[in-house]
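One structure is given below, encoded as structure tokens.
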Protein chains: 4
Amino acid sequence: MINVGIVGATGYAGEELIDILLRHPDVKIVNLSAKIDKPQNISEIFPKIKGRIALVCQQPDIKEIISKCDLAFLALPHTVSMEIAPKLLSAGKKVIDLSADYRLKDTKIYTQFYKTKHQDKINLSKAVYGLPELYRTKIKVAQLIANPGCYPTAGILALAPLVAFNLVDLGTIIIDAKSGVTGAGKKVAEDFLFSEINDDFKAYKVDIHQHAPEINQELSKLADKRINITFVPHLLPLNRGILETVYVKRIQSPKSKIKNLVSLYKKFYKKEPFIRIRDEGDFPKIKDVVHTNFCDIGIKDSGDTIIIIAAIDNLLKGASGQAVQNMNIMYKFPEYTALL
Amino acid sequence: MINVGIVGATGYAGEELIDILLRHPDVKIVNLSAKIDKPQNISEIFPKIKGRIALVCQQPDIKEIISKCDLAFLALPHTVSMEIAPKLLSAGKKVIDLSADYRLKDTKIYTQFYKTKHQDKINLSKAVYGLPELYRTKIKVAQLIANPGCYPTAGILALAPLVAFNLVDLGTIIIDAKSGVTGAGKKVAEDFLFSEINDDFKAYKVDIHQHAPEINQELSKLADKRINITFVPHLLPLNRGILETVYVKRIQSPKSKIKNLVSLYKKFYKKEPFIRIRDEGDFPKIKDVVHTNFCDIGIKDSGDTIIIIAAIDNLLKGASGQAVQNMNIMYKFPEYTALL
Amino acid sequence: MINVGIVGATGYAGEELIDILLRHPDVKIVNLSAKIDKPQNISEIFPKIKGRIALVCQQPDIKEIISKCDLAFLALPHTVSMEIAPKLLSAGKKVIDLSADYRLKDTKIYTQFYKTKHQDKINLSKAVYGLPELYRTKIKVAQLIANPGCYPTAGILALAPLVAFNLVDLGTIIIDAKSGVTGAGKKVAEDFLFSEINDDFKAYKVDIHQHAPEINQELSKLADKRINITFVPHLLPLNRGILETVYVKRIQSPKSKIKNLVSLYKKFYKKEPFIRIRDEGDFPKIKDVVHTNFCDIGIKDSGDTIIIIAAIDNLLKGASGQAVQNMNIMYKFPEYTALL
Amino acid sequence: MINVGIVGATGYAGEELIDILLRHPDVKIVNLSAKIDKPQNISEIFPKIKGRIALVCQQPDIKEIISKCDLAFLALPHTVSMEIAPKLLSAGKKVIDLSADYRLKDTKIYTQFYKTKHQDKINLSKAVYGLPELYRTKIKVAQLIANPGCYPTAGILALAPLVAFNLVDLGTIIIDAKSGVTGAGKKVAEDFLFSEINDDFKAYKVDIHQHAPEINQELSKLADKRINITFVPHLLPLNRGILETVYVKRIQSPKSKIKNLVSLYKKFYKKEPFIRIRDEGDFPKIKDVVHTNFCDIGIKDSGDTIIIIAAIDNLLKGASGQAVQNMNIMYKFPEYTALL
């Protein structure tokens, strides 16, 4: 049994973490904090969980977190995590950071996209990118996990087998991504009003979204070559779920003669508890993965062009579910505990 | 051809007024204003109407409105209208006010519900409540119209025949009202975020909503007796439309033997261009009236209890459509002009 | 550990039962059946649960169900359950029936509302109405549970304290109910198309819905007096959740002087694991209960009129969750197992 | 004043045609027909238009249509139009066909995608593809218009300037299309139930949709070279609207040095009343065009890759609005009549 704290408990990712961890037999939530005006019982903030937990949420108190917790989840806005994480790490605590602060190894790119200087390069260099399908071995022994972004999770998982086996023209990768609104966090702004989003659909940050460099970094590592994808995110009129439609051109090489891409994907992800590869001609929809930690992937091989469609729940496999999956790996709990 | 201005052009009611008036053959929009940071072409604010109008929206300039307009629509927040209306009226302009400022004749009740003192009792006493089905004759010669609230429009129209004919126990009136989110105006608050309202439904201001006294005032006038209804509004996860389910007990009197309530309603509203009474056993839904100026009404006579269901588009018959209907009456344009 | 079967596994209630029971430590799903063309793995029918269960769903085979199961859930259309239940019961199996077949004790009323003769009066007389808050003692020893309807669950729980304490005029009860579309089951008809329901809201079966007699039966038992409520259901543009707004008049009697209704409700439901009473002035919304087995209740005491608002998830507390709660009671598992 | 009939009046496109034509000062609807069980007043079928039209809709009677109408709109399923159109045409009537029957000049491709032989090759060869932006001159004198599909309208308009000026690598065109559900017509099937589509999003007919050959045909004509696009449609949880995100690679040639693509588009569509090109960095959303006949286009020039985003209302510019636009051109009515 481990004791955990959640810093940033009042956002969507925080709410989801509480929900999952309350079903986890080996975990006790002992501290909840957030930037709030006055201490408040978490069940007043989220009436939905009343009767399941009665813990007061308060301003983050680092000392208290250190004294009470083995592990802290940081469900904080970008740039806030790197103020808090170093203190917890230096006290020997484990940290799973759901923000972007420890994801991008190149701090110049971080600054370009997040408009601030990186404050904690030492821990950045030690942070493990928490995508279990690629980094399980490192996650086992990590102290600091940079939990992946929602779009990158689906995008990297969709492309990893093709890139790893060098089957595609790396200059042609296009990700047309569609996300529900919780992907953007709980933003109180006119653009996020019900009356604006209901019955609407739009692209945003066209080819300038901050998740593109994260995908580029990981795919480049896999390819051992610098990759620049084209990435266009869109906003769906629904709360949760991401579907990414990925387009790539096949490379003309002997290796590219691998006949059955569906088989290739099934092999690549054979032992993964949360990856489900669809049979030929079958494609996932958001409904199939929402409220689950699964990433479902369908592949269409049109000869010259390959189309991959991947779906996840942005709050689970794209955030809090993956964070708990990482925790399970770190503590050698069965990886699917509380996630099925 | 008349020249009109819209003060408060950037809200939902303003947008709808522009859309209707651009289709009106006898009206020219000559002035658009709102509380905005800097002058901006209205088609930048509403990209949807680009190509139909190119007018700059600016801070309200009373002198300019007076010099250019015959009539001004005030699509303003409550309490702001009564600052502007007197100036326009004293310059001889006609005013159709979509706020609540000139609806409640009793200023004590106004203060109780709108948390401010009334500043313009003189014009208040002259204002005509702009429900054509009850006040058409007065509207024809009015200078100032208090355009009804959205809930009151549907509620009063649903009950007027029964109350006018003294058929029901006035102490038993219950209105269970459901509205789409634009009914509340363009409020940037957490409660109105897409992620909060999508897939949700709730009651709010339970029996304390500010539209109850407006309904009470009008029904009491009809009954010539003081009425206090029970009124519970609910928020629907859709943009436009109101449906009200009204419950009343029949009075036990000779008059109450009127057999066919559907016929009674059809007679009562026989000449009304925008009231459609459903046949026995048939009830309106929001879909039937949305994007129209119609109020559809269905009646179920269960003997002791009578159930009336009324539906309108809150932005049209419940606001801007009714405002234009009032303008048409004031200027003797065919009443349905630009509204069919 | 008990072995259970689900007859009617391919509908909404069936899907939900599978999801809950897969998380239940004391239950093994051993048989899935439904009216289907050919046997099919359940994870092909519901791709969402792939990786969690791999059981073939086939046409119901009573012998097999009897040989394999201790308990069967019947998630069948009305009138089909009473063909299957007797066979299972006579073989000594326990049955939880989610249809309406064993709910109405008066078979004349059953025939009136379900347009068919009742075929199994013997078991009907033994069936226990599965609302734990009223019948827990009987449920413990029951062989056949008539799992309550979704609207009745919320409606009865909302009214039980007032009726039990004889506080209200029983002739004035009005239930204005609103439900998400899964309440009607998986009906392939034009009325249930996305394009028809999205952005729409309507009443249906106005004061003639088959759940009214079920509510009448249970409230009459509580009051020891025949009650006829007014019941108007409406269809919400969302998948799951019911919210009922209930209106009653206070009786003018000494007992009615009970001052604090909120306290009364809290006492009445003190030991109930799935009832949450809101504090004064606070009301539940669908979002608070969806994906949970809770019933949340808020009360507004306006003197003469009392307003009660109750919310449940129609597929959980209104169907499959309550069915599992009943199973937990029957087998002395902690009542909340797999339901929190 | 012309007399028109609508064959297939009870579908989405038919309903929309009625709504538009009722606002058209030069048109009288004189005949409404559809495959229906018994004649029915159209306002019973569509309660929304009650009070605006009272015409009985009946089984199509070709003789009557010929005797009464100057022009017939065919809003029929594919393959039904080509049974009816020849009869009307040989009687000298004008026909605007909203089905796919007269769009594809190559009948082999027609057969491949619509699973039936073409029955009317003579009229097919004379039919004019009704995209005014490309074929206005021919439309003016046409007797038979093949009204374009919804996806092709947005896709062709998005790509026409680039293809016409030979700026892009024709082998790299990808259209990632997203449509509201009315795009599929009024299909009563489980896939189109509210509970299936609400909160969901999915791709369908991945790279095998019947609109791809229509886009290929028109772009190939423009390029004077055979083109095969990659086309993946997706289903949005909303009623109306299409947004297409188009990806192409620039060709490396002198012409490709054209600096400002936004200017190029603005020039190309300068005189078009229904095309609106967004300024640099600004992109359309579905909300901007829904309930209008506009096609809004935004362009992102990322150097090597060009991204074009186009939005239309699938029932207006993608169907009935464009049909009326074609009618206006054929009869020399101002092109925007009844469409603004």
Side-chain angles (χ1 to χ4, degrees), chain A residues 171-180 191 195-208 228-249 281-288 290-291 298-309 311, chain D residues 171-180 191 195-208 228-249 281-288 290-291 298-309 311:
Chain A
T172 65
I173 300 176
I174 290 167
I175 300 182
D176 190 283
K178 301 90 174 173
S179 175
D191 273 6
S195 46
E196 296 299 311
I197 287 175
N198 182 40
D199 290 330
D200 196 15
F201 179 72
K202 64 172 178 184
Y204 67 101
K205 295 190 182 176
V206 176
D207 216 20
I208 54 171
N228 260 306
I229 61 163
T230 295
F231 180 72
V232 180
H234 302 72
L235 192 61
L236 286 167
L238 48 84
N239 284 16
R240 15 195 328 162
I242 281 177
L243 190 133
E244 301 187 10
T245 311
V246 183
Y247 303 87
V248 291
K249 293 276 181 193
D282 190 17
F283 299 92
K285 48 190 186 194
I286 277 182
K287 209 180 159 69
D288 296 334
V290 88
H291 289 118
I299 303 110
K300 167 95 182 184
D301 187 355
S302 296
D304 190 36
T305 301
I306 301 167
I307 302 165
I308 311 108
I309 297 180
Chain D
T172 66
I173 300 176
I174 290 166
I175 300 182
D176 190 284
K178 301 90 174 175
S179 175
D191 273 5
S195 47
E196 295 299 310
I197 287 175
N198 182 40
D199 290 331
D200 196 16
F201 179 73
K202 65 172 177 184
Y204 67 101
K205 295 192 183 174
V206 176
D207 216 21
I208 54 171
N228 260 307
I229 61 163
T230 295
F231 180 73
V232 181
H234 301 73
L235 192 61
L236 286 167
L238 48 84
N239 284 16
R240 8 189 342 156
I242 281 178
L243 190 133
E244 300 188 11
T245 311
V246 182
Y247 304 87
V248 292
K249 292 277 181 193
D282 191 17
F283 299 93
K285 47 190 186 195
I286 277 181
K287 210 181 159 66
D288 296 334
V290 88
H291 289 118
I299 304 110
K300 168 94 181 185
D301 187 354
S302 296
D304 191 35
T305 301
I306 300 167
I307 302 165
I308 311 109
I309 297 180

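Letters A, B, ... mirror the listed sequences (proteins, then strands); counts begin at 1.
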Side chains of D:Tyr204 and D:Asp191, donor plus acceptor under 3.5 Å: no

Most contacts with chain A, counted as non-hydrogen pairs under 4.5 angstrom, among D:Asp288, D:Leu236, D:Thr305: D:Leu236

Output all residues satisfying salt bridge (charged side-chain N to carboxylate O under 4.0 Å, His left out) with D:Lys285, sequence neighbours left out; order by chain, then residue number. none

Looking only at A:Leu243, A:Val290, A:Val206, most heavy-atom pairs under 4.5 Å shared with chain D are made by A:Val206

I'd like to check the ring-ring contact (aromatic ring centres under 6.0 Å, His included) partners of A:Phe231; sequence neighbours left out, ordered by chain and number. A:Tyr151, A:His209

Would you call A:Asp304 and A:Lys249 a salt bridge, using N to O less than 4.0 angstrom? yes

Pick one of side chain, backbone, both or neither for D:Phe201, based on which atoms fall under 4.5 Å of a heavy atom in chain A. both

Would a distance-only check, ignoring hydrogens and angles, find a side-chain to backbone donor-acceptor pair under 3.5 Å from A:Lys300 to A:Gly298? no

Any idea which of D:Ile307, D:Leu235, D:Ile208, D:Ile309 has the most non-hydrogen atom pairs under 4.5 angstrom with chain A? D:Ile307

Measure A:Ser179 against the heavy atoms of chain D and call it side chain, backbone, both or neither at under 4.5 Å. neither

Flag the one option from A:Lys202, A:His234, A:Arg240 with the top tally of heavy-atom pairs under 4.5 Å to chain D. A:His234

